[in-house]
Structure formats: C-alpha cells, structure tokens
Amino acid sequence: MKEELFRNYRELQSQRLLLREITARDVSDIFEIYSDPEVMLYFDDRFAFQDLSEAEQMISGYQNEIRDQNGMRWGIVLKESGKLIGTCGFHAISDYHKRIETGYDLNRHYWGKGFMSEALSLIIDYAFTVSDVNRIEAFVETPNTASRSLLEKLGFRLEGLLREHEMCRGSLIDIQILSLLRKDRKAADGEKNRQD
C-alpha cells in the first residue's frame, strides 16, 4: 500500500484546482495561510506563524515527509491565478493496518467556496485508486464543526469521541474521530451513479 502511494505521487487536477508538490517558491503563500490565527485555531498545538522562516521550515518538513515516505502533502493551487491557497494530504500511514490519516488547511479568504471539498475528493480518489488502502481517518477538535461537516459531506462517518485525547495549548482536549472505508466510498459512488 505505502509503496504504491509514494510511487504514484503526482499532480492531480480538477476543474478549478491543481494539486502539486509544495516547493520553496510557495513560501509567501504558505506563510499567508499559517500566519492567520483563525486558520491555526485547530492546527495541532501550534500558534500562527510570526516569521517567514517558519513557513520555510514547514515546506522543508513536507518535502522531507515525501522523501522519507512518512507522509505526502499537496499544495492546492487555483488554476486561474496560480496561487497556492491551501494544502492537503496523508500521514500516519500504516501498511499493516491499511490505513492513513488525512489533514488539510485552507487560506481563510477561500473558505466556503467548495475548494477543500474538491481537493479532498481528488486525494481520496487517488488513495483508493493507486493503493489498497482500506481506511482513511480524520481527527477533528470538537468545536471545529466546519471541518466535521466537510468530512461528512465526503462520506466520512463519525465513530466517536476520544476524551481528553491530546494536549493543545496547555489543556487536554477531546477529539472526534471520523473515517471513510473503501466500501463506504464504493457505496457512495454506486449511489451517485444511480442518481446520474
């Protein structure tokens, strides 16, 4: 599974978006995303970036993950303007359990326009097409209702609440876990085809 995911890593496209590797030339766009306190509100245990060097480190981290086959991240680029407006990808890749975890973020000026739904659909299709991954997981902080709604729209199911699961900004917080199984995706695709 893991070998196929990384061997086939490539650009992905939809009508409005190009998903591609994140490079040093994206530093300004990455800084714009991660320096926004609203974007960073639910981003692990990190605060908004204060310096461009933090964006450079983030890009280097994303590149190292791909090189070391620990994770893969795509930059979400608007075809119309060439601007990188977000990132999405996979990490916590388990060959043995055939599961991966997804993560994503989007420049606040592009929220509510369907871009992340479009981007996640591309990488979900990618994962299920190029590999035998069975389960895609997502972990969401309980107040982040927009993220949970997005995932549910894509077919993810809420499995439960992990109480005081992780430390975030000095407090233990609850986390919701959602998942999308290969059979869920097939069922959703079959339903969509019947409606078309």
Side-chain angles (χ1 to χ4, degrees), residues 12 14-17 19 22 29-49 54 58 62 71-78 83-93 99-128 133-189 191-192 195:
L12 305 171
S14 65
Q15 185 176 348
R16 300 183 296 170
L17 302 175
L19 273 56
I22 301 165
D29 289 337
I30 291 292
F31 181 74
E32 185 179 337
I33 294 165
Y34 295 118
S35 62
D36 186 327
E38 286 192 56
V39 172
M40 297 301 282
L41 186 59
Y42 303 115
F43 194 92
D44 294 332
D45 196 16
R46 299 185 69 158
F47 293 96
F49 288 1
E54 293 174 278
M58 180 71 84
Y62 287 151
M72 54 179 46
R73 201 82 170 187
W74 286 268
I76 302 168
V77 178
L78 289 176
K83 181 175 179 59
L84 187 144
I85 61 167
T87 78
C88 61
F90 301 118
H91 55 279
I93 299 167
R99 72 173 176 239
I100 54 181
E101 183 181 332
T102 189
Y104 46 88
D105 43 70
L106 188 67
N107 185 315
R108 183 166 46 95
H109 301 293
Y110 299 90
W111 288 1
K113 296 175 171 53
F115 291 122
M116 190 53 73
S117 178
E118 199 170 316
L120 289 181
S121 289
L122 286 172
I123 69 168
I124 289 166
D125 287 345
Y126 169 84
F128 284 137
V133 66
N134 182 60
R135 175 183 171 90
I136 302 176
E137 297 178 334
F139 294 84
V140 179
E141 292 184 33
T142 51
N144 193 354
T145 55
S147 186
R148 178 177 165 187
S149 294
L150 166 67
L151 292 165
E152 289 176 333
K153 176 182 172 187
L154 293 169
F156 282 74
R157 295 185 189 179
L158 178 66
E159 294 185 331
L161 180 70
L162 305 172
R163 299 180 307 142
E164 298 181 3
H165 181 67
E166 63 187 47
M167 187 66 72
C168 187
R169 297 174 185 88
S171 299
L172 286 167
I173 62 167
D174 296 342
I175 295 289
Q176 295 173 327
I177 180 169
L178 297 94
S179 72
L180 178 68
L181 302 181
R182 178 177 290 274
K183 65 183 178 184
D184 299 334
R185 188 66 170 195
K186 284 181 180 176
D189 288 346
E191 183 62 32
K192 183 181 173 196
Q195 291 174 359

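Only a predicted model underlies this, so the values are computations on that prediction, with no experimental measurement involved.
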For this session: For side-chain contact (heavy atoms from CB on, under 4.5 Å), just list the numbers for Arg157 and Leu178, CA-CA rounded to whole Å, side-chain angles, deciding distance to a tenth of an Å, and then say yes or no.
Result: CA-CA 5 Å; Arg157 295 185 189 179; Leu178 297 94; over 6 Å; no
Problem set entry | Check: Tyr104 and Trp74 side chains under 4.5 Å, non-hydrogen atoms | no
For this session: Go through the steps for Phe156 and Leu150 under the test side-chain contact (heavy atoms from CB on, under 4.5 Å), then give the verdict.
Result: CA-CA 9 Å; Phe156 282 74; Leu150 166 67; over 6 Å; no
Problem set entry | side-chain contact (heavy atoms from CB on, under 4.5 Å) between Tyr42 and Ile173, worked out | CA-CA 11 Å; Tyr42 303 115; Ile173 62 167; over 6 Å; no
Seminar exercise, completed: Scanning both residues in full, the closest heavy-atom pair of Ile100 with Ala127 reads CD1-CB, 4.0 Å
For this session: Taking the side chain as every heavy atom from C-beta outward, state whether Leu180 and Leu154 have any atom pair closer than 4.5 Å.
Result: no
Exercise. Under the ring pair (Phe, Tyr, Trp, His ring centres under 6.0 Å) test, which residues partner Tyr34, sequence neighbours left out?
Worked result: Phe43, Phe49
Exercise. Would you call Ile123 and Met72 a side-chain contact if the rule is heavy atoms closer than 4.5 Å?
Worked result: no
Problem set entry | For the student: nearest non-hydrogen atoms of Ile85 and Leu106, plus distance | O-CD1, 3.3 Å
Exercise. Closest heavy-atom contact between Glu141 and Ile175?
Worked result: CG-CD1, 3.7 Å
Problem set entry | Any residue meeting side chain to side chain donor-acceptor pair (under 3.5 Å) with Arg16, in chain and number order, not counting sequence neighbours | Glu118
Exercise. Any donor-acceptor pair under 3.5 Å linking the side chain of Arg148 with the backbone of Thr142?
Worked result: no
Seminar exercise, completed: Between Asp105 and the options Met116, Met40, Arg73, the side chain to side chain contact (heavy atoms under 4.5 Å, CB included) test singles out Arg73
Under 3.5 Å, side-chain donor or acceptor atoms of residues 159-168 against the rest of the protein: list the pairs with distances, not counting sequence neighbours.
unit_1, atom_1, unit_2, atom_2, d
Glu159, OE1, Arg135, NH2, 2.6
Glu159, OE2, Arg135, NH1, 2.9
Glu159, OE2, Arg135, NH2, 3.4
Glu159, OE2, Ser179, OG, 2.7

For this session: Side-chain contact test, heavy atoms from C-beta onward, threshold under 4.5 Å: evaluate it for Phe90 versus Val133 and give yes or no.
Result: no
Seminar exercise, completed: Heavy-atom closest pair (Leu84 atom, Gly75 atom, distance to 0.1 Å) is CD1-CA, 3.7 Å
For this session: May I ask you to decide if Asn134's main-chain N or O and Arg99's side chain share a donor-acceptor pair within less than 3.5 Å?
Result: no
Exercise. Considering all heavy atoms of both residues, which atom of Leu17 and which atom of Phe115 are nearest to each other, and what is their separation?
Worked result: CD1-O, 3.4 Å
Exercise. Once you round to the nearest 0.5 Å, how far does CD1 of Ile76 lie from CG of Asn107?
Worked result: 10.5 Å
Exercise. Does a salt bridge link Glu32 with Lys83, judged by any charged N lying under 4.0 Å from a carboxylate O?
Worked result: yes
Exercise. Could you go step by step and tell me if Ile30 and Thr87 meet the side-chain contact (heavy atoms from CB on, under 4.5 Å) rule?
Worked result: CA-CA 9 Å; Ile30 291 292; Thr87 78; 3.9 Å; yes
Problem set entry | Nearest heavy atoms of Cys88 and Ala119, plus distance in Å | SG-CB, 4.1 Å
Problem set entry | Check: Gly89 main-chain N/O paired with Thr102 side-chain donor or acceptor under 3.5 Å | yes
Problem set entry | Straight-line distance of Glu101 CD to Glu137 CD, nearest 0.5 Å | 6.5 Å
